[in-house]
Structure formats: C-alpha cells, structure tokens
There are 2 protein chains.
Amino acid sequence: MAIKDKRQLIIEAATESFSLFGYKATTMDQVARLANVGKGTIYTFFENKEELFNEIVNTLISEMKRVAESTLDSDKRFFEQTNHVLYKILEFRKQHQLTIKLFQEGRDMGTPEVIGFMQRFEHTIIAYIKELLQKAIDKGEIKQCDPELTAFVMLKLYKSLIFDWELSRDPLEKEEIIRLFDLYFFEGLSI
Amino acid sequence: MAIKDKRQLIIEAATESFSLFGYKATTMDQVARLANVGKGTIYTFFENKEELFNEIVNTLISEMKRVAESTLDSDKRFFEQTNHVLYKILEFRKQHQLTIKLFQEGRDMGTPEVIGFMQRFEHTIIAYIKELLQKAIDKGEIKQCDPELTAFVMLKLYKSLIFDWELSRDPLEKEEIIRLFDLYFFEGLSI
DNA sequence: CAATGACCAAAACAACCATTTGGTCACTTT
DNA sequence: AAAGTGACCAAATGGTTGTTTTGGTCATTG
C-alpha cells in the first residue's frame, strides 16, 4: 500500500462525509474512521480541515470545467454554445451530491469556508463565459459589450430561471429555458 | 382630539421605530411611549403587532405604486417606460429608510413577517411590470412572450445590476444601467 | 520513521435562571 | 358608559455557567 493510496482513501472518505453532512458537520474523527486511518495520519497529508476541504472542492471545480469544455462545439453558434455550457453547469450543480449539500449549507448556515467555495465556483463559471464572449466579440458574432458584466448577468439570469422561478411557480422545461435565454439575451424583445 | 388622531399617532410612532430598529427590535412598549399613549390603546386600533406592521407596509407599497404610476408617460417607448419605472422603484427602495431597514432585517435575520413583506413588495412590482408588458404586446410594440415570467426576469436582472454587481465591483451609473437594460433586453446581443 | 490515538485548548452546546416582550384586563378618567 | 391606561402574566428571549465535542498535536509504537 503506497502513500498515494492512503491519501486517496482520506480524500474519498472526506468527500463521502462532506457530501452527506456538509462541511461543519463532518468531523476529522469521522473522516479518520471512514478512511480507516488514525486521525494524526490525515495531518501528515493535509495542513488542516480547510486544506482537505479545498483539495476536494478544487477537484470538483476542475470536473465542472471539464464538463463545460466537453460541451463545446465550435460549429455551433455562440448563443447555442453559451446556453449549453450554462445548462450543463447548473445541471451539474443540481445533480452532484457534494455540490447540492454545500450550496445548501452556504445558504442556510453561512459557513465561511463554504461561502468561499461558492464564490470560487461562480467566479470560475463567469471567467469561462467571459472567455466565450470575448471570442464571439472578436469574431464579430455578437455586439460589443463588457464581457465580464455580460457573463455576470447571464449567470444571474440563468440562475433566476432555473432556481428562483420554480420557488413560486411551475419549473421550466429545458427547451423552454433555452428558448427564453435566446429570446431575452440574443434576439431581444423589440420587434 | 378625535379618534383618527390617536390612530395616526400610533402609526407614525410605529413607522419611526420600524424605520430605526426594524420589526423585531421594535417593542409595543416603545411604540406606546413614542406615541404618548397607553400600550392597551394600540390594541383598540390594531389586533396585534403584525397587523400594525401590515397597515404600515401596505401604505408603503401603495406609495411605491404611486411613484411607479407617476413616472408613466405614454408618449415614450415601452422600454423607456419600463426602465424608468424599475429604476424609480429600486431608487425608492434604496432611499426609503423603512424599506432599507426591512430589507436588511429580512436578509440578515430572516424575520418571517418581514420576509412576507418583501414577497408582497416584489409581487407588486412584478404585477405592475406584467401589466405594462401585456399592453405593449397587445399594441404590437414588443414580441409575444409570457408577461409574468418576463416581468420576473426583468426585475431579477435589474436587481442584479443595481445590488449584486456592486458587491464585488464598481457600482454602475444610472445611465449605464439604462443602456445595459436596453442592450440585453430589447435589442439583444446578436448582430 | 510513518502511523497512531490519547491528550489538550478552544469552540459549541445544554441547562439553568433572569429579563424582556406581546398581549390582556381590571381600573381610572373623561 | 365609553375610551384610555399601565400593572400584570405567560411565553419568548438573552445571558451565564458547566459540560461535551472538535480540530489539531505529539509522545509512543510497530
């Protein structure tokens, strides 16, 4: 059993526990027990609880980026790409157990470490959309606009449609959301 | 001194206190003291604390509606009207002491009565924009779309631009916001 | 010498008591 | 007698103190 294995064991145990109970409710004792290692061992691989957490969520964010990139298809029009990417990302967030749990914890308890993760998560998305926008502007596919601000607004709009709207009314279908995104953002409402 | 006067006195005192301290931190004793009436007197006019609160915020919401209507000018194009109305409303929210305090309390402490107010406040705005949209659609000024959903999304976008954006970057100028609203919502990004 | 778990200080929690608060009602004022 | 009042009450809230839990360490072990 090489060193890598123990480290991996700890990461897997911690991921399991963070997914089930969140950041605060996961104890280092619990992680040690789940990973079948002594508690001290964890501290030979990770500085502290927060570092262990960051290692895990960084992996998560990388995975998300990978998902986003895998949906790219430069044959498609810009708006279709953006749409797809945003949809995949928020689907990802909605389906991934760890992401669900952490976003819950951040909203309901405001755990600082978790809030930090949420910000990095969103920042990554915005940075990514920003790049797509910049390319589209350079190619002359869309109008001139502030890419950062536009990416920010796009994400907000998407989140509104997917998360906020269904708090008080019937949730929207995937096709519906794509259609709306196109209508509001690319075509515009004017005749 | 007629009955109306005492009632009014109580409402004014309560408004003052709600504006300064919010809903939870305002005590009925405090209101009685400020209004120079016995505590029991309050209960001859209002069922309980929540009713007193509702009386006051209903007035606030009416005022807001009045502000919105006063900005209407049917000569202007639809998007200019919407823009103006939304801007005035959120300015109102930003400047009115009571509104500021209550939205703070709702966000930071989650007081249920205050959350209720916030929802009614937003619902009123959405209902209003929805009407504007319906008229514009009927007149053929804008494309066919779900007026409720569109109103919802418009409000969200506006709030993002005014409140959320300046949490992490430089706040946007009024003219900037109007321009962006026009760009994203009416013209669209496509060439 | 990597791995461990008993150990520690600090934080979180629970139990207890004191204070505050929304609401009532017997009594006073007009 | 009708309107107005503030002492009073139960329930909620806040503060305090003692106990448990938890992140992190380190002397010991295999």
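Reminder, nothing fancy here: chain letters follow the sequence lines and each chain counts from 1.
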If pairs are Watson-Crick or G-U with both distances under 3.5 Å, what is the dot-bracket string of DNA chain D, marking crossing pairs with [ ] and pairs to another strand with |? ||||||||||||||||||||||||||||||
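- Here the C1' atom of nucleotide D/dG23 and the NZ atom of A/Lys24 are 12 Å apart, to the nearest Å.
- For B/Glu55 and B/Arg7, the salt-bridge test passes: some basic side-chain N is under 4.0 Å from an acidic carboxylate O.
- Identified under the ring pair (Phe, Tyr, Trp, His ring centres under 6.0 Å) test for residues 138-162 of chain A, with sequence neighbours left out: A/Phe152-B/Trp165, A/Tyr158-A/Phe181.
- Taking every heavy atom of residues 27-35 of chain A and every atom of DNA chain D, pairs under 4.0 Å involve A/Thr27, A/Met28, by number.
- We find that CZ of A/Phe45 is positioned 19 Å from P of D/dG23, with the value rounded to whole Å.
- Evaluation of the side-chain contact (heavy atoms from CB on, under 4.5 Å) rule for A/Leu180 yields A/Leu161, A/Leu172, A/Glu176, A/Tyr184, B/Leu149 as partners, not counting sequence neighbours.
- Distance CG (A/Asn36) to C1' (C/dA3): 13 Å, rounded to an integer number of Å.
- Comparing D/dG23, C/dG23, C/dA3 against the side chain of A/Lys6 picks out C/dA3 as the nearest.
- For B/Lys159, the salt bridge (charged side-chain N to carboxylate O under 4.0 Å, His left out) partners at least two apart in sequence or on another chain are B/Glu122.
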Could you go through residues 40-52 of chain B and list every donor-acceptor pair under 3.5 Å that involves a side-chain atom there, pairing it with any protein atom two or more places apart or in another chain?
{"unit_1": "B/Thr41", "atom_1": "OG1", "unit_2": "B/Gly38", "atom_2": "O", "d": "3.3"}
{"unit_1": "B/Thr44", "atom_1": "OG1", "unit_2": "B/Thr41", "atom_2": "O", "d": "2.6"}
{"unit_1": "B/Asn48", "atom_1": "OD1", "unit_2": "B/Glu50", "atom_2": "N", "d": "3.2"}
{"unit_1": "B/Asn48", "atom_1": "OD1", "unit_2": "B/Glu51", "atom_2": "N", "d": "3.0"}
{"unit_1": "B/Lys49", "atom_1": "NZ", "unit_2": "B/Tyr23", "atom_2": "O", "d": "3.0"}
{"unit_1": "B/Lys49", "atom_1": "NZ", "unit_2": "B/Thr26", "atom_2": "O", "d": "2.8"}

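- Annotation for A/Phe21: hydrophobic cluster partners, listed by chain and number, are A/Leu20 (ILVMFWY side-chain heavy atoms under 4.5 Å, direct or chained).
- Atom-to-atom, CG of B/Leu52 to P of C/dG23 comes out at 10 Å; the value is rounded to the nearest Å.
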Please list every donor-acceptor pair under 3.5 Å in which a side-chain atom of residues 84-102 of chain B meets a protein atom from a residue at least two apart or in another chain.
{"unit_1": "B/Glu91", "atom_1": "OE1", "unit_2": "B/Gln95", "atom_2": "NE2", "d": "2.9"}

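- Of the candidate nucleotides D/dT13, D/dG24, C/dT4, C/dT4 has the atom nearest to the side chain of A/Val37.
- Atom CE of B/Met109 and atom C1' of D/dT13 are 13 Å apart (whole Å).
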Sequence-aligned protein contact record of nucleotides 24-30 of chain C, with B where the base is within under 4.0 Å of a protein heavy atom and S where only the sugar-phosphate is: BB-----
For residues 60-69 of chain B, run the donor-acceptor check on the side chains, cut-off 3.5 Å, and write out each pair with its distance to 0.1 Å, sequence neighbours left out.
{"unit_1": "B/Ser62", "atom_1": "OG", "unit_2": "B/Asn58", "atom_2": "O", "d": "3.1"}

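- With sequence neighbours excluded, the residues satisfying ring-ring contact (aromatic ring centres under 6.0 Å, His included) with A/Phe103 are A/Phe117, A/Phe121.
- For A/Asp170, the side-chain contact (heavy atoms from CB on, under 4.5 Å) test picks out no residue, with sequence neighbours left out.
- Atom CG of B/Asn48 and atom C1' of D/dA11 are 15 Å apart (whole Å).
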Verdict with supporting geometry, A/Met154 and A/Leu133, side-chain contact (heavy atoms from CB on, under 4.5 Å): CA-CA 11 Å; A/Met154 281 181 166; A/Leu133 275 163; 4.2 Å; yes
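- Going from atom CD of A/Glu50 over to atom P of D/dT22 covers 19 Å, rounded to whole Å.
- One can place OH of B/Tyr23 at 14 Å from P of C/dT21, the figure rounded to the nearest angstrom.
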